[in-house]
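For reference, the structure discussed in these notes is given below.
Here is the naming used below: chain letters follow the sequence lines, and residue numbers restart at 1 for every chain. Predicted model, so just to flag it, every value in this text is computed and none were measured.
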Amino acid sequence: MPEFRLYNSLTRSVEPFAPADGAKVTLYTCGPTVYNPAHLGNFRTFLFEDLLRRALHMRGWSVEQVMNLTDVDDKIIKRAAERSISITELTDPVCETFHADREFLRIQRAEHYPRATAFIPEMIDLVKRLEANGTAYKADDGSVYFAIDKFEGYGRLSRLDTREIRAGARVAQDDYAKENAQDFALWKAAKPEDEACGAVWDSPWGRGRPGWHLECSAMAMAILGETIDIHAGGVDLVFPHHEDEIAQSEAATGKPFARFWCHGEFLLTDGAKMAKRVGNVSTVADLRAEGVSAAALRHFVFSTHYRKQLNLSGAALEASTEAVRRIGDFSDRLSREKAGSAQLAEAADTLLIEATTALSDDLNAPRALGALFDFIHAANRAFDATGTDTSALARARNVFRQVNAVLDVVPDRGTDDSVLASWVDQQLADRAAARARRDFAAADQVRKALEEKGIAIEDSPTGTRWKKVR
RNA sequence: GGCACCGUAGCCAAGUGGUAAGGCAGGAGACUGCAAAUCUCUCAUUCGUCGGUUCGAUUCCGACCGGUGCCUCCA
(Lines give C-alpha, C1' and ligand atoms only; values in the text may rest on other atoms or scores of the structure.)
Protein backbone atom coordinates (compact mmCIF):
# COMPACT_ATOMS: atom_id res chain seq x y z
CA MET A 1 0.00 0.00 0.00
CA PRO A 2 1.30 3.44 -0.86
CA GLU A 3 1.75 5.94 1.93
CA PHE A 4 -1.40 7.92 2.66
CA ARG A 5 -0.69 11.59 2.20
CA LEU A 6 -2.69 14.75 2.75
CA TYR A 7 -2.08 18.42 2.17
CA ASN A 8 -1.84 20.17 5.51
CA SER A 9 -2.72 23.87 5.44
CA LEU A 10 -0.64 24.33 8.57
CA THR A 11 2.60 23.48 6.76
CA ARG A 12 1.41 24.16 3.23
CA SER A 13 2.70 20.86 2.09
CA VAL A 14 1.55 17.32 1.41
CA GLU A 15 2.50 15.15 4.38
CA PRO A 16 2.18 11.48 5.30
CA PHE A 17 -0.90 10.99 7.42
CA ALA A 18 -1.88 8.33 9.94
CA PRO A 19 -4.18 8.61 12.95
CA ALA A 20 -2.38 9.45 16.19
CA ASP A 21 -3.57 6.25 17.84
CA GLY A 22 -2.86 4.16 14.76
CA ALA A 23 -6.42 2.93 14.32
CA LYS A 24 -9.12 5.56 14.57
CA VAL A 25 -9.13 8.92 12.84
CA THR A 26 -10.79 11.74 14.73
CA LEU A 27 -12.26 14.05 12.12
CA TYR A 28 -13.98 17.36 12.71
CA THR A 29 -15.76 18.92 9.75
CA CYS A 30 -17.31 22.38 9.87
CA GLY A 31 -20.94 21.98 8.90
CA PRO A 32 -23.67 24.27 7.65
CA THR A 33 -25.26 27.26 9.30
CA VAL A 34 -28.86 26.17 9.22
CA TYR A 35 -30.73 29.35 8.34
CA ASN A 36 -31.59 28.22 4.83
CA PRO A 37 -30.79 25.22 2.64
CA ALA A 38 -27.15 24.69 1.76
CA HIS A 39 -26.23 25.13 -1.90
CA LEU A 40 -24.01 22.96 -4.07
CA GLY A 41 -20.99 25.06 -3.15
CA ASN A 42 -21.46 24.08 0.48
CA PHE A 43 -22.00 20.50 -0.59
CA ARG A 44 -18.82 20.48 -2.62
CA THR A 45 -17.00 20.79 0.67
CA PHE A 46 -19.16 18.12 2.29
CA LEU A 47 -18.53 15.82 -0.67
CA PHE A 48 -14.79 16.39 -0.35
CA GLU A 49 -15.11 15.44 3.32
CA ASP A 50 -17.13 12.38 2.36
CA LEU A 51 -14.35 11.40 -0.03
CA LEU A 52 -11.81 11.90 2.75
CA ARG A 53 -13.86 9.79 5.15
CA ARG A 54 -14.25 6.97 2.65
CA ALA A 55 -10.58 7.10 1.63
CA LEU A 56 -9.61 6.77 5.29
CA HIS A 57 -11.90 3.76 5.56
CA MET A 58 -10.32 2.31 2.43
CA ARG A 59 -6.98 2.44 4.26
CA GLY A 60 -8.45 0.32 7.01
CA TRP A 61 -8.80 3.03 9.63
CA SER A 62 -12.01 3.67 11.45
CA VAL A 63 -13.30 7.22 11.52
CA GLU A 64 -15.12 9.14 14.19
CA GLN A 65 -16.48 12.20 12.46
CA VAL A 66 -18.20 15.23 13.90
CA MET A 67 -20.09 17.71 11.74
CA ASN A 68 -21.54 20.59 13.64
CA LEU A 69 -24.81 22.26 12.77
CA THR A 70 -24.56 25.94 13.59
CA ASP A 71 -28.02 26.76 14.84
CA VAL A 72 -27.39 30.10 16.50
CA ASP A 73 -25.74 33.06 14.78
CA ASP A 74 -26.45 36.57 13.49
CA LYS A 75 -28.22 35.47 10.32
CA ILE A 76 -30.39 32.98 12.14
CA ILE A 77 -31.42 35.56 14.72
CA LYS A 78 -32.13 38.13 12.06
CA ARG A 79 -34.31 35.79 10.07
CA ALA A 80 -36.14 34.42 13.12
CA ALA A 81 -36.84 37.99 14.17
CA GLU A 82 -38.22 38.82 10.73
CA ARG A 83 -40.64 35.93 11.01
CA SER A 84 -41.33 36.36 14.72
CA ILE A 85 -40.42 32.77 15.45
CA SER A 86 -37.83 31.16 17.70
CA ILE A 87 -34.46 30.13 16.33
CA THR A 88 -35.40 26.48 16.87
CA GLU A 89 -38.52 26.85 14.78
CA LEU A 90 -36.35 28.30 12.04
CA THR A 91 -33.49 25.81 12.21
CA ASP A 92 -35.28 22.49 12.75
CA PRO A 93 -36.73 22.27 9.22
CA VAL A 94 -33.45 23.40 7.68
CA CYS A 95 -31.62 20.60 9.51
CA GLU A 96 -34.07 18.14 8.01
CA THR A 97 -33.47 19.54 4.54
CA PHE A 98 -29.74 19.27 5.08
CA HIS A 99 -29.98 15.58 5.90
CA ALA A 100 -32.30 14.90 2.99
CA ASP A 101 -29.83 16.58 0.61
CA ARG A 102 -26.94 14.78 2.27
CA GLU A 103 -28.59 11.42 1.82
CA PHE A 104 -29.49 12.19 -1.78
CA LEU A 105 -25.82 12.93 -2.48
CA ARG A 106 -24.85 9.67 -0.76
CA ILE A 107 -22.75 11.51 1.78
CA GLN A 108 -22.15 9.02 4.57
CA ARG A 109 -23.64 9.86 7.90
CA ALA A 110 -21.11 11.23 10.39
CA GLU A 111 -21.03 9.75 13.89
CA HIS A 112 -22.10 13.06 15.43
CA TYR A 113 -24.11 16.07 14.29
CA PRO A 114 -23.98 18.28 17.37
CA ARG A 115 -26.05 21.43 17.34
CA ALA A 116 -24.35 24.45 18.84
CA THR A 117 -27.26 25.17 21.16
CA ALA A 118 -26.83 21.76 22.77
CA PHE A 119 -23.28 22.55 23.91
CA ILE A 120 -23.66 25.89 25.69
CA PRO A 121 -22.31 24.59 29.05
CA GLU A 122 -19.17 23.23 27.34
CA MET A 123 -18.67 26.56 25.61
CA ILE A 124 -19.06 28.48 28.85
CA ASP A 125 -16.52 26.21 30.50
CA LEU A 126 -14.06 26.90 27.72
CA VAL A 127 -14.46 30.66 28.11
CA LYS A 128 -13.98 30.29 31.85
CA ARG A 129 -10.68 28.53 31.28
CA LEU A 130 -9.56 31.31 28.96
CA GLU A 131 -10.66 33.98 31.38
CA ALA A 132 -8.80 32.20 34.18
CA ASN A 133 -5.53 32.17 32.29
CA GLY A 134 -5.89 35.74 31.15
CA THR A 135 -6.46 35.28 27.43
CA ALA A 136 -10.11 36.31 27.61
CA TYR A 137 -11.53 39.55 29.00
CA LYS A 138 -14.94 41.04 29.53
CA ALA A 139 -15.33 44.38 27.78
CA ASP A 140 -17.47 47.40 28.63
CA ASP A 141 -20.18 46.22 26.25
CA GLY A 142 -20.73 43.11 28.38
CA SER A 143 -19.25 40.75 25.80
CA VAL A 144 -16.22 38.54 26.33
CA TYR A 145 -13.37 38.71 23.85
CA PHE A 146 -10.26 36.71 23.14
CA ALA A 147 -7.08 38.77 23.37
CA ILE A 148 -5.03 37.71 20.37
CA ASP A 149 -1.93 39.44 21.74
CA LYS A 150 -1.88 36.89 24.56
CA PHE A 151 -1.65 33.95 22.20
CA GLU A 152 1.77 33.69 20.67
CA GLY A 153 0.89 31.55 17.69
CA TYR A 154 -1.94 33.72 16.45
CA GLY A 155 -1.98 34.00 12.66
CA ARG A 156 0.14 30.92 12.00
CA LEU A 157 -2.46 29.10 9.91
CA SER A 158 -3.41 32.05 7.71
CA ARG A 159 0.07 33.62 7.68
CA LEU A 160 -1.21 36.89 9.04
CA ASP A 161 2.34 38.11 9.61
CA THR A 162 2.98 38.18 5.87
CA ARG A 163 -0.08 40.26 5.09
CA GLU A 164 -0.57 43.95 4.98
CA ILE A 165 -3.92 45.13 6.13
CA ARG A 166 -5.83 47.27 3.73
CA ALA A 167 -6.17 50.68 5.23
CA GLY A 168 -9.57 51.30 6.73
CA ALA A 169 -10.98 47.91 5.85
CA ARG A 170 -10.12 46.11 8.99
CA VAL A 171 -11.54 47.89 11.97
CA ALA A 172 -15.29 47.70 12.32
CA GLN A 173 -16.68 50.87 13.80
CA ASP A 174 -18.97 49.16 16.30
CA ASP A 175 -16.16 47.18 17.84
CA TYR A 176 -14.97 50.00 20.03
CA ALA A 177 -15.30 47.89 23.17
CA LYS A 178 -12.52 45.55 22.12
CA GLU A 179 -9.01 46.21 23.35
CA ASN A 180 -7.61 45.24 19.98
CA ALA A 181 -9.48 45.46 16.70
CA GLN A 182 -8.63 41.89 15.83
CA ASP A 183 -9.81 40.40 19.11
CA PHE A 184 -12.82 38.20 18.49
CA ALA A 185 -15.97 37.58 20.48
CA LEU A 186 -16.19 34.45 22.61
CA TRP A 187 -19.45 35.40 24.28
CA LYS A 188 -21.80 38.09 23.04
CA ALA A 189 -23.93 40.05 25.49
CA ALA A 190 -27.64 39.59 24.84
CA LYS A 191 -29.56 42.13 22.81
CA PRO A 192 -33.35 42.52 22.84
CA GLU A 193 -33.71 40.66 19.52
CA ASP A 194 -31.74 37.74 20.93
CA GLU A 195 -34.17 37.49 23.84
CA ALA A 196 -37.14 37.63 21.49
CA CYS A 197 -36.18 34.50 19.56
CA GLY A 198 -34.72 32.44 22.36
CA ALA A 199 -31.07 32.95 21.44
CA VAL A 200 -29.91 33.64 24.98
CA TRP A 201 -28.38 31.68 27.83
CA ASP A 202 -27.28 32.54 31.35
CA SER A 203 -23.55 32.75 31.88
CA PRO A 204 -21.06 34.06 34.43
CA TRP A 205 -20.90 37.21 32.28
CA GLY A 206 -24.62 37.73 32.13
CA ARG A 207 -27.19 36.63 29.57
CA GLY A 208 -25.84 36.22 26.10
CA ARG A 209 -24.91 33.82 23.34
CA PRO A 210 -21.74 32.20 22.00
CA GLY A 211 -19.51 33.78 19.40
CA TRP A 212 -19.21 32.01 16.08
CA HIS A 213 -15.90 30.23 16.60
CA LEU A 214 -16.54 28.98 20.11
CA GLU A 215 -18.85 26.12 19.22
CA CYS A 216 -16.36 24.26 17.04
CA SER A 217 -13.64 24.30 19.68
CA ALA A 218 -15.98 23.28 22.48
CA MET A 219 -17.73 20.52 20.57
CA ALA A 220 -14.60 19.13 18.95
CA MET A 221 -12.88 18.87 22.31
CA ALA A 222 -15.96 17.55 24.11
CA ILE A 223 -16.58 14.79 21.60
CA LEU A 224 -13.21 13.99 20.07
CA GLY A 225 -10.67 15.18 22.61
CA GLU A 226 -8.24 18.06 22.94
CA THR A 227 -6.11 17.11 19.95
CA ILE A 228 -7.89 15.80 16.87
CA ASP A 229 -6.35 14.20 13.82
CA ILE A 230 -7.99 16.19 11.05
CA HIS A 231 -10.03 19.38 10.97
CA ALA A 232 -11.58 20.12 7.59
CA GLY A 233 -13.68 22.81 5.95
CA GLY A 234 -13.87 25.24 3.06
CA VAL A 235 -10.95 27.55 2.30
CA ASP A 236 -12.93 30.59 3.34
CA LEU A 237 -12.83 29.30 6.90
CA VAL A 238 -9.05 29.52 7.17
CA PHE A 239 -9.35 33.07 8.35
CA PRO A 240 -10.75 34.02 10.69
CA HIS A 241 -12.73 30.94 11.74
CA HIS A 242 -10.04 28.28 11.94
CA GLU A 243 -7.41 30.73 13.08
CA ASP A 244 -9.63 31.72 15.98
CA GLU A 245 -10.49 28.11 16.78
CA ILE A 246 -6.80 27.34 17.10
CA ALA A 247 -6.24 30.36 19.33
CA GLN A 248 -9.04 29.69 21.79
CA SER A 249 -8.46 25.93 21.90
CA GLU A 250 -4.72 25.95 22.26
CA ALA A 251 -4.73 28.86 24.68
CA ALA A 252 -7.00 26.77 26.89
CA THR A 253 -5.29 23.39 26.64
CA GLY A 254 -1.70 24.15 25.70
CA LYS A 255 -1.96 21.29 23.20
CA PRO A 256 -2.19 21.30 19.40
CA PHE A 257 -5.89 21.51 18.47
CA ALA A 258 -5.66 19.64 15.17
CA ARG A 259 -2.74 17.77 13.63
CA PHE A 260 -3.95 18.32 10.07
CA TRP A 261 -6.00 21.16 8.63
CA CYS A 262 -7.56 20.33 5.28
CA HIS A 263 -9.41 22.84 3.14
CA GLY A 264 -11.54 22.32 0.06
CA GLU A 265 -11.63 24.91 -2.71
CA PHE A 266 -14.69 26.74 -3.96
CA LEU A 267 -17.33 25.91 -6.45
CA LEU A 268 -17.75 28.75 -8.92
CA THR A 269 -20.66 29.65 -11.15
CA ASP A 270 -20.02 31.79 -14.21
CA GLY A 271 -16.50 32.36 -12.94
CA ALA A 272 -17.52 33.70 -9.54
CA LYS A 273 -17.69 32.07 -6.14
CA MET A 274 -21.07 30.45 -5.59
CA ALA A 275 -22.59 32.40 -2.74
CA LYS A 276 -26.00 33.51 -1.61
CA ARG A 277 -24.69 37.05 -1.55
CA VAL A 278 -23.74 36.85 -5.24
CA GLY A 279 -27.08 35.29 -6.08
CA ASN A 280 -25.61 32.53 -8.24
CA VAL A 281 -26.47 29.53 -6.10
CA SER A 282 -27.90 26.19 -7.09
CA THR A 283 -29.35 24.05 -4.34
CA VAL A 284 -29.45 20.29 -4.39
CA ALA A 285 -33.22 20.56 -4.75
CA ASP A 286 -32.79 22.76 -7.85
CA LEU A 287 -30.46 20.27 -9.47
CA ARG A 288 -32.69 17.33 -8.61
CA ALA A 289 -35.59 19.12 -10.21
CA GLU A 290 -33.48 19.46 -13.36
CA GLY A 291 -33.01 15.71 -13.33
CA VAL A 292 -29.34 15.66 -12.37
CA SER A 293 -28.54 12.41 -10.57
CA ALA A 294 -26.56 12.01 -7.38
CA ALA A 295 -24.00 9.92 -9.23
CA ALA A 296 -23.54 12.66 -11.85
CA LEU A 297 -23.12 15.29 -9.15
CA ARG A 298 -20.55 13.18 -7.35
CA HIS A 299 -18.71 12.56 -10.62
CA PHE A 300 -18.78 16.27 -11.38
CA VAL A 301 -17.36 17.22 -7.99
CA PHE A 302 -14.73 14.48 -8.06
CA SER A 303 -13.65 15.25 -11.62
CA THR A 304 -11.51 18.09 -10.27
CA HIS A 305 -9.06 17.86 -7.40
CA TYR A 306 -10.53 19.21 -4.16
CA ARG A 307 -7.90 21.94 -3.80
CA LYS A 308 -8.71 23.41 -7.19
CA GLN A 309 -11.60 25.68 -8.04
CA LEU A 310 -14.42 24.05 -9.97
CA ASN A 311 -16.84 25.82 -12.27
CA LEU A 312 -20.45 24.67 -12.39
CA SER A 313 -22.00 24.62 -15.85
CA GLY A 314 -24.74 22.80 -17.68
CA ALA A 315 -22.20 21.37 -20.08
CA ALA A 316 -20.11 19.96 -17.23
CA LEU A 317 -23.16 18.38 -15.63
CA GLU A 318 -24.17 16.83 -18.97
CA ALA A 319 -20.68 15.42 -19.44
CA SER A 320 -20.81 13.91 -15.95
CA THR A 321 -24.27 12.48 -16.58
CA GLU A 322 -22.97 10.74 -19.68
CA ALA A 323 -19.84 9.57 -17.87
CA VAL A 324 -21.81 7.91 -15.08
CA ARG A 325 -24.16 6.43 -17.67
CA ARG A 326 -21.14 4.56 -18.99
CA ILE A 327 -20.17 3.52 -15.47
CA GLY A 328 -23.72 2.35 -14.77
CA ASP A 329 -23.94 0.34 -17.99
CA PHE A 330 -20.66 -1.30 -17.12
CA SER A 331 -21.84 -2.05 -13.59
CA ASP A 332 -24.88 -3.78 -15.08
CA ARG A 333 -22.69 -5.77 -17.41
CA LEU A 334 -20.43 -6.81 -14.55
CA SER A 335 -23.48 -8.23 -12.77
CA ARG A 336 -24.77 -9.90 -15.91
CA GLU A 337 -21.62 -11.61 -17.20
CA LYS A 338 -20.98 -15.22 -16.19
CA ALA A 339 -17.21 -15.41 -16.45
CA GLY A 340 -14.07 -13.48 -17.25
CA SER A 341 -10.52 -14.02 -18.41
CA ALA A 342 -6.91 -13.45 -17.41
CA GLN A 343 -7.11 -10.04 -19.08
CA LEU A 344 -10.04 -9.14 -16.86
CA ALA A 345 -8.25 -10.16 -13.69
CA GLU A 346 -5.20 -8.21 -14.77
CA ALA A 347 -7.29 -5.10 -15.44
CA ALA A 348 -8.85 -5.45 -11.99
CA ASP A 349 -5.46 -5.71 -10.31
CA THR A 350 -4.31 -2.60 -12.15
CA LEU A 351 -7.42 -0.69 -11.11
CA LEU A 352 -6.96 -1.56 -7.47
CA ILE A 353 -3.35 -0.38 -7.47
CA GLU A 354 -4.03 2.76 -9.50
CA ALA A 355 -7.12 3.83 -7.59
CA THR A 356 -5.55 3.17 -4.21
CA THR A 357 -2.44 5.07 -5.20
CA ALA A 358 -4.42 8.02 -6.55
CA LEU A 359 -6.73 8.30 -3.55
CA SER A 360 -3.83 7.93 -1.15
CA ASP A 361 -2.04 10.79 -2.87
CA ASP A 362 -3.92 13.70 -1.31
CA LEU A 363 -7.30 12.37 -2.48
CA ASN A 364 -6.60 12.49 -6.20
CA ALA A 365 -10.12 11.54 -7.27
CA PRO A 366 -9.72 12.72 -10.90
CA ARG A 367 -6.86 10.27 -11.32
CA ALA A 368 -8.87 7.52 -9.62
CA LEU A 369 -11.71 8.17 -12.06
CA GLY A 370 -9.25 7.92 -14.93
CA ALA A 371 -8.13 4.54 -13.63
CA LEU A 372 -11.75 3.45 -13.33
CA PHE A 373 -12.45 4.30 -16.96
CA ASP A 374 -9.29 2.53 -18.04
CA PHE A 375 -10.57 -0.54 -16.22
CA ILE A 376 -14.03 -0.29 -17.75
CA HIS A 377 -12.51 -0.16 -21.19
CA ALA A 378 -10.22 -3.11 -20.59
CA ALA A 379 -12.97 -5.12 -18.94
CA ASN A 380 -15.43 -4.48 -21.78
CA ARG A 381 -12.78 -5.72 -24.19
CA ALA A 382 -12.22 -8.80 -22.07
CA PHE A 383 -15.93 -9.54 -21.93
CA ASP A 384 -16.32 -9.06 -25.68
CA ALA A 385 -13.62 -11.66 -26.17
CA THR A 386 -15.47 -13.99 -23.79
CA GLY A 387 -13.86 -16.16 -21.15
CA THR A 388 -14.49 -18.99 -18.73
CA ASP A 389 -12.66 -17.82 -15.64
CA THR A 390 -15.19 -17.29 -12.88
CA SER A 391 -12.57 -16.34 -10.33
CA ALA A 392 -11.42 -13.52 -12.63
CA LEU A 393 -15.00 -12.27 -12.72
CA ALA A 394 -15.23 -12.44 -8.95
CA ARG A 395 -11.98 -10.50 -8.71
CA ALA A 396 -13.27 -7.82 -11.08
CA ARG A 397 -16.52 -7.48 -9.16
CA ASN A 398 -14.68 -7.25 -5.88
CA VAL A 399 -12.26 -4.56 -7.02
CA PHE A 400 -14.98 -2.54 -8.74
CA ARG A 401 -17.00 -2.65 -5.53
CA GLN A 402 -14.00 -1.53 -3.46
CA VAL A 403 -13.25 1.45 -5.69
CA ASN A 404 -16.89 2.42 -5.94
CA ALA A 405 -17.14 2.23 -2.15
CA VAL A 406 -15.02 5.37 -2.13
CA LEU A 407 -16.30 7.23 -5.18
CA ASP A 408 -19.90 5.94 -5.17
CA VAL A 409 -20.60 7.01 -8.74
CA VAL A 410 -22.82 4.23 -10.06
CA PRO A 411 -26.16 5.76 -11.01
CA ASP A 412 -29.30 4.45 -9.35
CA ARG A 413 -31.42 2.71 -11.98
CA GLY A 414 -34.53 2.55 -9.86
CA THR A 415 -35.71 -0.59 -11.65
CA ASP A 416 -37.37 -2.13 -8.63
CA ASP A 417 -40.84 -1.09 -9.85
CA SER A 418 -42.53 -4.43 -10.55
CA VAL A 419 -45.59 -2.87 -12.20
CA LEU A 420 -43.36 -0.97 -14.60
CA ALA A 421 -41.20 -4.04 -15.16
CA SER A 422 -44.10 -6.27 -16.17
CA TRP A 423 -45.41 -3.59 -18.49
CA VAL A 424 -42.00 -3.21 -20.14
CA ASP A 425 -41.67 -6.98 -20.47
CA GLN A 426 -45.02 -7.14 -22.25
CA GLN A 427 -43.95 -4.35 -24.59
CA LEU A 428 -40.70 -6.12 -25.34
CA ALA A 429 -42.56 -9.36 -26.07
CA ASP A 430 -44.77 -7.49 -28.53
CA ARG A 431 -41.71 -5.94 -30.12
CA ALA A 432 -39.96 -9.30 -30.37
CA ALA A 433 -43.01 -10.71 -32.15
CA ALA A 434 -43.07 -7.78 -34.56
CA ARG A 435 -39.37 -8.22 -35.29
CA ALA A 436 -39.88 -11.93 -35.87
CA ARG A 437 -42.37 -11.19 -38.62
CA ARG A 438 -40.04 -8.45 -39.86
CA ASP A 439 -42.58 -5.75 -39.13
CA PHE A 440 -39.93 -3.21 -38.17
CA ALA A 441 -42.31 -0.26 -38.25
CA ALA A 442 -44.31 -1.84 -35.44
CA ALA A 443 -41.11 -2.76 -33.56
CA ASP A 444 -39.81 0.79 -33.80
CA GLN A 445 -43.16 2.04 -32.61
CA VAL A 446 -42.77 0.02 -29.42
CA ARG A 447 -39.24 1.29 -28.89
CA LYS A 448 -40.44 4.85 -29.31
CA ALA A 449 -43.24 4.31 -26.80
CA LEU A 450 -40.74 2.95 -24.29
CA GLU A 451 -38.40 5.87 -24.85
CA GLU A 452 -41.21 8.24 -24.05
CA LYS A 453 -41.53 6.49 -20.70
CA GLY A 454 -37.82 6.94 -20.09
CA ILE A 455 -36.93 3.35 -20.97
CA ALA A 456 -33.93 2.65 -23.18
CA ILE A 457 -33.49 -0.76 -24.77
CA GLU A 458 -30.50 -2.68 -26.03
CA ASP A 459 -30.78 -5.68 -28.33
CA SER A 460 -28.22 -8.42 -27.88
CA PRO A 461 -27.70 -11.97 -29.12
CA THR A 462 -29.20 -13.24 -25.89
CA GLY A 463 -32.27 -11.04 -25.93
CA THR A 464 -33.31 -7.47 -25.34
CA ARG A 465 -32.31 -5.60 -22.18
CA TRP A 466 -33.88 -2.43 -20.87
CA LYS A 467 -33.03 0.26 -18.36
CA LYS A 468 -34.51 3.42 -16.99
CA VAL A 469 -32.64 6.44 -18.22
CA ARG A 470 -34.56 9.08 -16.31
C1' G B 1 -3.05 47.75 -1.67
C1' G B 2 -1.35 42.95 0.89
C1' C B 3 -1.40 37.40 0.70
C1' A B 4 -2.34 33.06 -2.19
C1' C B 5 -3.98 29.91 -6.07
C1' C B 6 -4.99 28.89 -11.20
C1' G B 7 -4.11 29.23 -16.91
C1' U B 8 -2.97 21.74 -20.58
C1' A B 9 -7.26 19.87 -27.25
C1' G B 10 -14.11 22.44 -28.88
C1' C B 11 -15.41 21.66 -23.31
C1' C B 12 -13.90 19.29 -18.37
C1' A B 13 -9.31 17.45 -16.49
C1' A B 14 -4.67 14.31 -14.54
C1' G B 15 0.35 14.65 -14.94
C1' U B 16 5.97 14.51 -15.02
C1' G B 17 13.00 17.62 -15.59
C1' G B 18 13.22 13.24 -20.87
C1' U B 19 9.19 14.03 -24.70
C1' A B 20 1.12 14.86 -23.03
C1' A B 21 -3.89 9.84 -18.40
C1' G B 22 -9.06 9.90 -18.49
C1' G B 23 -14.18 11.88 -19.45
C1' C B 24 -17.64 14.70 -22.71
C1' A B 25 -18.30 16.33 -27.66
C1' G B 26 -16.68 15.26 -32.95
C1' G B 27 -15.02 12.13 -37.48
C1' A B 28 -14.48 7.02 -39.85
C1' G B 29 -15.45 1.78 -39.33
C1' A B 30 -17.34 -3.15 -36.99
C1' C B 31 -21.83 -5.13 -34.87
C1' U B 32 -27.50 -4.17 -35.62
C1' G B 33 -33.44 -4.65 -39.80
C1' C B 34 -32.51 0.39 -37.88
C1' A B 35 -30.90 1.93 -33.25
C1' A B 36 -28.69 1.50 -28.44
C1' A B 37 -24.65 -0.58 -25.86
C1' U B 38 -19.75 -2.24 -26.84
C1' C B 39 -15.34 -2.58 -29.74
C1' U B 40 -11.55 -0.62 -33.54
C1' C B 41 -9.27 3.67 -35.68
C1' U B 42 -9.09 9.01 -35.36
C1' C B 43 -9.06 13.69 -32.46
C1' A B 44 -2.81 18.77 -28.48
C1' U B 45 4.78 17.97 -32.42
C1' U B 46 1.98 20.67 -27.84
C1' C B 47 0.86 22.44 -22.25
C1' G B 48 -1.24 31.61 -21.38
C1' U B 49 3.09 34.97 -23.44
C1' C B 50 8.25 36.25 -23.42
C1' G B 51 12.93 35.33 -21.42
C1' G B 52 16.46 32.30 -18.25
C1' U B 53 18.69 27.62 -16.09
C1' U B 54 19.54 22.67 -18.40
C1' C B 55 22.13 17.95 -22.93
C1' G B 56 16.73 18.40 -22.54
C1' A B 57 11.07 22.23 -19.49
C1' U B 58 4.52 21.68 -20.07
C1' U B 59 7.18 20.39 -15.51
C1' C B 60 12.46 24.69 -12.22
C1' C B 61 13.44 30.38 -12.05
C1' G B 62 12.00 35.50 -13.57
C1' A B 63 8.90 39.03 -15.94
C1' C B 64 4.38 39.95 -18.19
C1' C B 65 -0.83 38.94 -19.60
C1' G B 66 -5.49 36.74 -18.09
C1' G B 67 -8.81 34.48 -14.26
C1' U B 68 -10.34 33.35 -9.14
C1' G B 69 -10.15 33.56 -3.96
C1' C B 70 -8.85 35.41 1.04
C1' C B 71 -7.89 40.04 3.85
C1' U B 72 -15.59 41.45 6.32
C1' C B 73 -20.67 36.99 7.27
C1' C B 74 -19.06 32.87 4.25
C1' A B 75 -18.22 25.74 2.48
Given [options], which nucleotide is nearest the side-chain atoms of [X]?
X	options	value
A/Asp384	B/A21, B/U38, B/A75	B/U38
A/Lys308	B/C70, B/C39, B/G7	B/G7
A/Arg447	B/A35, B/C73, B/G33	B/A35
A/Ala323	B/G23, B/A13, B/G33	B/G23
A/His39	B/C6, B/A75, B/G15	B/A75
A/Gln309	B/U38, B/A13, B/U68	B/U68
A/Phe239	B/A14, B/C71, B/A75	B/C71
A/Thr33	B/A75, B/A37, B/C12	B/A75
A/Ala319	B/G22, B/A75, B/C24	B/C24
A/Phe266	B/A36, B/G33, B/C70	B/C70

Side-chain N,O (A/Arg381) to OP1/OP2 (B/U40) below 4.0 Å: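 A/Arg381 to B/U40 OP1/OP2: side-chain N or O found under 4.0 Å.
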Any A/Asn364 side-chain nitrogen or oxygen under 4.0 Å from OP1 or OP2 of B/A14: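 No, no such contact exists.
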Ring centers of A/Tyr28, A/Phe257 separated by less than 6.0 Å: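 No, ring centres 6.0 Å or more apart.
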Nearest whole Å is fine: how far is [N] [atom2] from [X] [atom1]?
X	N	atom1	atom2	value
A/Lys448	B/A36	NZ	P	16 Å
A/Phe440	B/A35	CZ	C1'	12 Å
A/Leu297	B/A75	CG	P	18 Å
A/Ile457	B/U32	CD1	C1'	12 Å
A/Met274	B/G69	CE	P	13 Å
A/Leu51	B/A75	CG	P	20 Å
A/Arg325	B/A25	CZ	P	8 Å
A/Leu268	B/G69	CG	P	7 Å

Centroid distance under 5.5 Å and plane angle under 30°, A/Phe373 vs B/G22: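 Stack criterion not met.
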Base B/G69 paired with A/Asp236 side chain (donor-acceptor, <3.5 Å):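 Not at all, since no donor on one side and acceptor on the other fall under 3.5 Å apart.
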Donor-acceptor pair under 3.5 Å, A/Asp459 side chain vs B/C34 base: yes
Quick one about [Y] and [X] (side-chain donor to acceptor, distance below 3.5 Å, no hydrogens or angles considered), yes or no?
X	Y	result
A/Ser217	A/Glu245	no
A/Ser331	A/Asp329	no
A/Thr70	A/Glu215	yes

Mutual orientation of the aromatic rings belonging to A/Phe400 and A/Phe330 [parallel < 30°, tilted 30-60°, perpendicular > 60°]: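 It falls in the perpendicular class, over 60°.
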Sugar-phosphate, base or nothing in reach of A/His241, heavy atoms under 4.0 Å: nothing
Sugar-phosphate, base or nothing in reach of A/Gly264, heavy atoms under 4.0 Å: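 Nothing: the residue A/Gly264, judged by heavy atoms under 4.0 Å, touches no strand.
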Carboxylate-amine/guanidinium contact A/Arg367 A/Asp361, below 4.0 Å: yes
